[in-house]
Amino acid sequence: MPRLILHLEGAAAFLLSIFFYFNQNGHWLVFALLLFAPDLGMIGYLVNPRVGSITYNAVHIYVWPMALIVTGLLAAAPLALQLGLSWSAHIGMDRMLGYGLKYPTAFKDTHLQRV
């Protein structure tokens, strides 16, 4: 049951991020390009699983997109807001699909399941 809840939580973050991104008049093409940008964190796996898990996890936690969203709202900076929303949509999508934060043992070992 906890795994289902985490998947649903990811789906909610994904859908809400999309809703608010387009509510801010964001463009589809920009969103599509930004949606997959956090996966560049996988490049660390070219070094080894430990470095890969560190780089992947560093860009797959909600703290950074939330900081951008808050900055965008407080500073009336639509670009920061849209970047944060697309980033949180990516993380939510990953969680919804079962891709969690990585353990240093292997790429497939996540906090949600073994992928």
Side-chain angles (χ1 to χ4, degrees):
M1 193 66 164
R3 190 166 84 185
L4 174 63
I5 293 169
L6 290 171
H7 287 274
L8 291 173
E9 181 181 70
F14 178 57
L15 295 173
L16 285 169
S17 295
I18 291 172
F19 173 79
F20 286 113
Y21 179 89
F22 291 107
N23 189 44
Q24 295 296 312
N25 297 316
H27 298 285
W28 277 104
L29 181 58
V30 173
F31 180 79
L33 292 172
L34 291 174
L35 186 61
F36 295 100
D39 281 337
L40 292 173
M42 288 189 282
I43 290 174
Y45 280 96
L46 295 174
V47 176
N48 63 46
R50 179 169 163 53
V51 171
S53 68
I54 291 168
T55 58
Y56 182 91
N57 291 343
V59 294
H60 282 84
I61 55 175
Y62 283 111
V63 68
W64 309 123
M66 292 301 125
L68 274 172
I69 291 168
V70 169
T71 299
L73 289 170
L74 294 177
L79 179 60
L81 180 57
Q82 291 174 0
L83 288 172
L85 288 167
S86 62
W87 195 349
S88 74
H90 173 87
I91 296 169
M93 179 183 66
D94 274 4
R95 301 290 195 282
M96 176 181 71
L97 296 173
Y99 297 102
L101 297 174
K102 308 298 183 192
Y103 287 106
T105 51
F107 180 79
K108 293 183 177 193
D109 295 337
T110 77
H111 83 284
L112 292 176
Q113 64 188 2
R114 181 159 172 81
V115 180

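Remember, predicted model here, so these are calculated numbers, not experimental data.
In the hydrophobic clustering of ILVMFWY residues, with side-chain heavy atoms under 4.5 Å counting as a link, Leu74 and Leu68 come out apart. Side-chain heavy atoms closer than 4.5 Å link hydrophobic residues (I, L, V, M, F, W, Y) into clusters, and following such links, even through other members, never connects Met42 to Leu46. Linking Ile, Leu, Val, Met, Phe, Trp and Tyr whenever their side-chain heavy atoms come within less than 4.5 Å puts Tyr56 and Leu97 in one cluster. Cluster annotation: Phe36 is connected to Ile91 through the hydrophobic network of ILVMFWY side chains, with a link wherever side-chain heavy atoms come within less than 4.5 Å. In terms of hydrophobic clustering, with Ile, Leu, Val, Met, Phe, Trp and Tyr side chains grouped at heavy-atom distances under 4.5 Å, Val51 and Ile61 are assigned to different clusters.
Listed by chain and number, the hydrophobic cluster partners of Leu4 are Met1, Ile5, Leu8, where partners are ILVMFWY side chains within reach of under 4.5 Å, directly or through others.
Listed by first then second residue, pairs satisfying side-chain hydrogen bond (donor to acceptor under 3.5 Å, both in side chains) with a partner in residues 35-47 read Asp39-His60, Asp39-His90, not counting sequence neighbours.
Taking each heavy atom of Gly84 and Pro65 in turn, the nearest pair found is O-CB, 3.3 Å. The minimum heavy-atom distance between His27 and Phe22, with the atom names listed, is C-CE2, 4.0 Å. When all heavy atoms of Leu34 and Leu83 are compared, the pair lying nearest together is CD1-CD2, 3.6 Å. Here the shortest heavy-atom pairing between Pro49 and Pro104 reads CB-O, 3.4 Å. Across every non-hydrogen atom of Met96 and His7, the tightest pair is O-ND1, 2.9 Å.
At least one side-chain heavy atom of Trp87 sits less than 4.5 Å from a side-chain heavy atom of Val59. The shortest distance between side-chain heavy atoms of Leu79 and Gln24 does not fall below 4.5 Å.
Looking at Ser86, its side chain never comes within 3.5 Å of a backbone N or O of Leu35 through a donor-acceptor pair. Side chain of Asp94 to backbone of Tyr99: no donor-acceptor contact under 3.5 angstrom is found. The backbone N or O of Ser53 sits less than 3.5 Å from a side-chain atom of Asn57, completing a donor-acceptor pair.
Listed by chain and residue number, nothing satisfies the ring pair (Phe, Tyr, Trp, His ring centres under 6.0 Å) test with Tyr103 (two or more places apart in sequence, or in another chain). Listed by chain and residue number, nothing satisfies the side chain to side chain donor-acceptor pair (under 3.5 Å) test with Thr71 (two or more places apart in sequence, or in another chain). Under the side chain to side chain donor-acceptor pair (under 3.5 Å) criterion, Tyr21 pairs with no residue at all, not counting sequence neighbours.
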Report, one line per pair, each donor and acceptor closer than 3.5 Å where one atom sits in a side chain of residues 9-18; sequence neighbours left out.
residue : atom : partner : partner atom : Å
Ser17   : OG   : Ala13   : O            : 2.7
Ser17   : OG   : Ser88   : OG           : 2.5

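With values rounded to the nearest 0.5 angstrom, Asp109 atom CG is found 13.0 Å from Leu101 atom CG.
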